[in-house]
Amino acid sequence: MRHPEYRFVSGLALILALTGCAQFPTAPGSGQDYGPSQPVDVSQVPDAVPQNLPRSRFGNPASYTVNGQTYKVLPECAGYHERGIASWYGLKFHGGRTSDGDTYDMYAMTAANKVVPLPCFVRVTNLKNNRSVIVKVNDRGPFVDNRIIDLSYAAAKKLGVVATGTALVDVTAITPGEAPPPPVAEAPAPQTGAVSGAPQLFVQVGAFAEQANAERARQKLESDGIKPVTIVTAVVADKTLYKVRAGPLADVSAVDQLTAELARLGYSDAQVVIP
């Protein structure tokens with residue numbers, strides 16, 4: 001397991017989690033994760049091949065708790081789709097045990113996710129450059145606010161995430177037997193004076209059934225110094241919802257700063273949104 005705080009429902013799984021954590025090498029210096037000392041060419045590393053694999057005996061409790069936050073594992077991988085912020089993990093965990101019992105190989109096409117059943121195959125697309133890979137999710141994490149997937153070094157390198165540390169991504173479950181998406185060419189750099197097609201970042205503070213409640217929430221946020229705040233109307237299951245969002249925000253750092261400020265103000269359920 002990647003995190004000693006990861007508490008399984010069963011006692012046997014807890015023992016496995018604790019013994020697994022002890023296997024991880026420690027990173028030098030501050031303890032932060034890191035990559036190889038020299039860049040490694042992973043261009044020839046093939047994507048994971050989606051397969052019909054049995055659900056792992058480990059890493060699939062109905063729910064589990066990390067750092068006081070409880071997560072519910074989805075009943076199946078099919079249909080999972082989410083947009084958000086990706087991060088990556090490397091040598092600090094290389095050779096350790098993943099949540100489903102595999103050995104973590106930072107040079108393989110794998111990833112960690114908090115809620116999909118293990119194993120699960122997903123397509124990850126970097127929304128900034130349109131690069132896309134398929135990975136096998138065999139681990140839990142990342143247990144950091146505003147992050148939805150932790151990529152192996154190889155997957156992150158192929159997507160262009162290693163240099164920046166994070167990226168805005170689309171994560172979609174892949175059904176075994178489904179034809180993988182064709183390679184996507186890297187998005188060209190915008191010409192001088194052109195409007196960039198980069199995705200926009202927002203933080204959604206709440207969704208309300210009544211427009212008046214959404215308007216009150218917007219006014220309260222602005223009175224607390226959170227600007228700009230907009231209300232977006234959406235129809236979900238034949239019901240109209242009024243979603244209150246702050247942004248757009250410049251980058252991931254701005255998102256992290258805003259969610260920390262919102263938590264301080266009592267908005268603990270704020271979520272990152274990439275339309």
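- For the atom pair CD1 of I134 and OG1 of T125, the computed distance is 9.5 Å after rounding to the nearest 0.5 Å.
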Can I get a per-line list of side-chain donor-acceptor pairs under 3.5 Å for residues 106-117, giving both atom names and the distance, sequence neighbours left out?
unit_1, atom_1, unit_2, atom_2, d
N113, OD1, V115, N, 2.8
N113, OD1, V116, N, 3.0
N113, ND2, Y80, OH, 3.2
N113, ND2, I148, O, 3.0
K114, NZ, P142, O, 3.1
K114, NZ, R147, O, 2.5

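- In this structure, the side chains of Y71 and R140 stay at 4.5 Å or more apart for every pair of heavy atoms.
- Using modelled atom types, one side-chain atom of N129 and one backbone atom of R131 make a donor-acceptor pair closer than 3.5 Å.
- With sequence neighbours excluded, no residue satisfies side chain to side chain contact (heavy atoms under 4.5 Å, CB included) with S268.
- Under the side chain to side chain contact (heavy atoms under 4.5 Å, CB included) criterion, V203 pairs with L249, V255, L258, T259, L262, A270, not counting sequence neighbours.
- The two atoms that bring F208 and G206 nearest to each other are CE1-C, 3.9 Å, heavy atoms only.
- The aromatic rings of Y104 and Y89 lie parallel to each other, with less than 30° between the two planes, well short of the 60° mark.
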Counting only pairs under 3.5 Å, give me each side-chain donor-acceptor contact of residues 224-244, with atom names and distances, residues two or more places apart or in other chains.
unit_1, atom_1, unit_2, atom_2, d
D224, OD1, K220, NZ, 3.4
D224, OD2, K220, NZ, 2.8

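- Counting only residues at least two apart or on different chains, the salt bridge (Lys or Arg N to Asp or Glu O under 4.0 Å) pairs with a member in residues 64-86 are R83-D170.
- When the side chain to side chain contact (heavy atoms under 4.5 Å, CB included) test is applied to T70, the partners found at least two apart in sequence or on another chain are S63, T65.
- Within 6.0 Å of CD in E210 there are 12 or fewer heavy atoms belonging to other residues, nucleotides or ligands.
- With a 4.5 Å cut-off on side-chain heavy atoms, V171 and H81 do not count as touching.
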Tell me which donor-acceptor pairs under 3.5 Å the side chains of residues 154-167 have, and how far apart each pair is, sequence neighbours excluded?
unit_1, atom_1, unit_2, atom_2, d
K157, NZ, V40, O, 2.9
K158, NZ, V45, O, 2.6
K158, NZ, D47, OD1, 3.4
T164, OG1, V161, O, 3.2
T164, OG1, T166, O, 2.7

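- Rounding to the nearest 0.5 angstrom, the gap separating the CZ atom in R97 from the CG atom in D102 is 10.5 Å.
- Annotation: side chain of L201 is in contact with side chain of V272 (closest heavy-atom distance under 4.5 Å).
- Shown here are the side-chain hydrogen bond (donor to acceptor under 3.5 Å, both in side chains) partners of Q219, two or more places apart in sequence or in another chain: E215.
- Side-chain polar atoms of S43 and D41 form a donor-acceptor pair below 3.5 angstrom.
- Pairing each heavy atom of L118 with each of G59, the nearest pair is CD1-O, 3.8 Å.
- Counting heavy-atom neighbours within 6.0 Å of E222 CD, excluding the residue itself, gives a total above 12.
- Across every non-hydrogen atom of F143 and N67, the tightest pair is O-ND2, 4.2 Å.
- Closest heavy-atom contact between A173 and V122: CA-CG1, 4.0 Å.
- Under the side chain to side chain contact (heavy atoms under 4.5 Å, CB included) criterion, Q200 pairs with F202, P248, not counting sequence neighbours.
- Sequence neighbours left out, not one pair with a member in residues 207-275 passes disulfide bond (SG atoms under 2.5 Å apart).
- Sorted by first and then second residue, the disulfide bond (SG atoms under 2.5 Å apart) pairs involving residues 65-166 (not counting sequence neighbours) are C77-C120.
- Minimum heavy-atom separation, P50 to P176: CB-CA, 3.9 Å.
- Applying side-chain contact (heavy atoms from CB on, under 4.5 Å) to F93 and the options D33, T98, D139, D150 leaves one that passes, D33.
- By the side-chain hydrogen bond (donor to acceptor under 3.5 Å, both in side chains) test, N126 is found to be paired with no residue, residues two or more places apart in sequence or in another chain being considered.
- Here the straight-line distance linking atom OG of S152 with atom NE2 of H94 works out to 11.0 Å at 0.5 Å rounding.
- Residue Q271 qualifies as open at atom CD: its count of foreign heavy atoms under 6.0 Å is 12 or below.
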